[in-house]
Amino acid sequence: MVRYNDALDKDESGQSETQEENLFNRFPPGEEHFLTTPSIVIDSGGRIIVWYLPGALTAMIMKDIHGATHSMSGLLKHSITTSKITQWRTNRSNFHTSPDGMVTPGCINISPAWFQQGREKHGFLNIDPEDSFSLEVSAALKGDAGHNITMSLQRSGIIISAALRVMHPDLYWAGMETQVRLGKWAARYELDEMHYHLQCWTSVFNVVSIICNCWSPPHRDPKCRPAAFDIMTTAGRYHPVVMDFMNLGIKFLYDSGSMLASSCRLVRHYMNVEEGNRIVTAWYMRDSIHNFVGTPSTEYAKYDRVNM
């Protein structure tokens, strides 16, 4: 996968069929697999590429996710704002309505401290927060309603962090160090709202996306580091869905309660859901935030280093 990553453009979105065909021909997958039981996928160098944990979420955790998402209904409703095909994450044609009105379609990003789109900057702790390229609390968390959202995500944040502690210990500690440094930076500059959310934020990940009743086309997430993991979970009531990791030749049964961890830069993936109620939480780290506070990058997780 190291050579595969070297062949990717910096901002590889996975949506150029010509580019993806070239990559597929250069790095053809082996035999195809359809996985339905807990699995770990490794490359020839022992690097862990995917963790797949069906049934990882209990009924209580999924109920908690539903409750948290319900409190975000207004934000989700107003997140679908564009008709541009290139912006598929908020394109209304990619969302379907809830059959019983229990889930509001939409996609929002939540973070206690991140760079606004197009304003990412590498730096260190003494960067003035008045700089227009400095960190901010995400729009979804601003105001009193944002306090409730942060609290509603606490249980999920703990579960996801515990999972990462097993899957990728070095990344877990890098995430922990980053959150502590961010808290000190926010306190130093008296950024009270950011400091509050960082104190209540229980995840070692910087950002979580809440995605409801959405179909995703084949894509990559270019801002994910190749050696890092994003963790996705799914909850709800819907017909069986398959998550396709296209360039690996692997498909996963993506039932409610499943957890998938991978580098979404390395893996071109998609799934198709057109009915039912489905809530996806996608937890990820932004390398620019780690750079901002001077947290060193981590290497790939290796199979022989996993705490089984």
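Heavy-atom basis, side chains included; hydrogens, waters and symmetry copies ignored. Note that the numbering runs from 1 along the sequence shown for the chain.
A distance of 10.0 Å separates SG of C224 from CE of M285, quoted to the nearest 0.5 Å. For the atom pair CG of L135 and CE of M194, the computed distance is 5.5 Å after rounding to the nearest 0.5 Å. Note that CE of M271 is 14.5 Å distant from NZ of K251, once rounded to the nearest 0.5 Å. How far CG of D221 is from CG of L266: 11.0 Å, rounded to the nearest 0.5 Å. Remark: N206 CG to W114 CH2 distance equals 10.5 Å, nearest 0.5 Å. Between the CG atom in L153 and the OG atom in S203 there is a gap of 9.0 Å [rounded to 0.5 Å].
Side chains of N272 and W215: a donor on one and an acceptor on the other come within 3.5 Å. A side-chain donor from one of T233 and T281 sits under 3.5 Å from a side-chain acceptor of the other.
For the pair D43 and R3, the salt-bridge criterion is not met [side-chain N within less than 4.0 Å of a carboxylate O]. A salt bridge links E17 with R268: at least one charged nitrogen is closer than 4.0 Å to a carboxylate oxygen.
Closest approach of D244 to I250, counting heavy atoms only: OD1-O, 3.7 Å. The shortest heavy-atom contact between C212 and L76 is SG-CD1, 3.9 Å. P217 approaches Q15 most closely through the heavy-atom pair CG-NE2, 4.0 Å. Heavy-atom minimum distance, T202 versus S161: O-OG, 3.5 Å. Counting all heavy atoms, side chain and backbone alike, C214 lies closest to F95 at CB-CE2, 3.6 Å.
Annotation: side chain of Y284 is not in contact with side chain of C264 (no heavy-atom distance under 4.5 Å). In this structure, M1 and L248 have side chains that are in contact, with non-hydrogen atoms separated by less than 4.5 Å. Between V166 and Y172, every side-chain heavy-atom pair lies at or beyond the 4.5 Å cut-off. Side-chain contact between M167 and I48: absent, with no pair of heavy atoms (C-beta onward) separated by less than 4.5 Å. Side-chain contact between M151 and C200 is present, with at least one heavy-atom pair separated by less than 4.5 Å. In this structure, the side chains of P38 and P54 come closer than 4.5 Å at one or more pairs of heavy atoms. Contact of the M72 side chain with the I149 side chain is registered, since non-hydrogen atoms from C-beta on lie closer than 4.5 Å. S98 is listed as a side-chain neighbour of N213, based on a closest heavy-atom distance under 4.5 Å.
Put simply, the side chain of H269 never gets that close to the backbone of S216: no donor and acceptor are under 3.5 Å apart. In this structure, the side chain of H70 does not engage the main chain of T104 through any donor-acceptor pair within 3.5 Å. R265 places no side-chain N or O within 3.5 Å of a backbone atom of R220 that could act as its donor or acceptor partner. One N or O on the side chain of R181 and one on the backbone of V293 form a donor-acceptor pair closer than 3.5 Å. Looking only at distances, no side-chain donor or acceptor of T18 sits under 3.5 Å from a matching main-chain atom of S16.
Side-chain heavy atoms closer than 4.5 Å link hydrophobic residues (I, L, V, M, F, W, Y) into clusters, and following such links, possibly through other members, connects V242 to F245. Residues Y254 and V41 are members of one and the same hydrophobic cluster, defined by side-chain heavy-atom contacts under 4.5 angstrom among Ile, Leu, Val, Met, Phe, Trp and Tyr. At a threshold of 4.5 Å between side-chain heavy atoms, the hydrophobic network of Ile, Leu, Val, Met, Phe, Trp and Tyr places Y270 and F24 in two separate groups.
Classified by interplanar angle (parallel below 30°, tilted 30° to 60°, perpendicular above 60°), the ring pair Y52/F252 is tilted. Between F205 and W283, the angle of the ring planes lies from 30° to 60°, which puts this pair in the tilted group.
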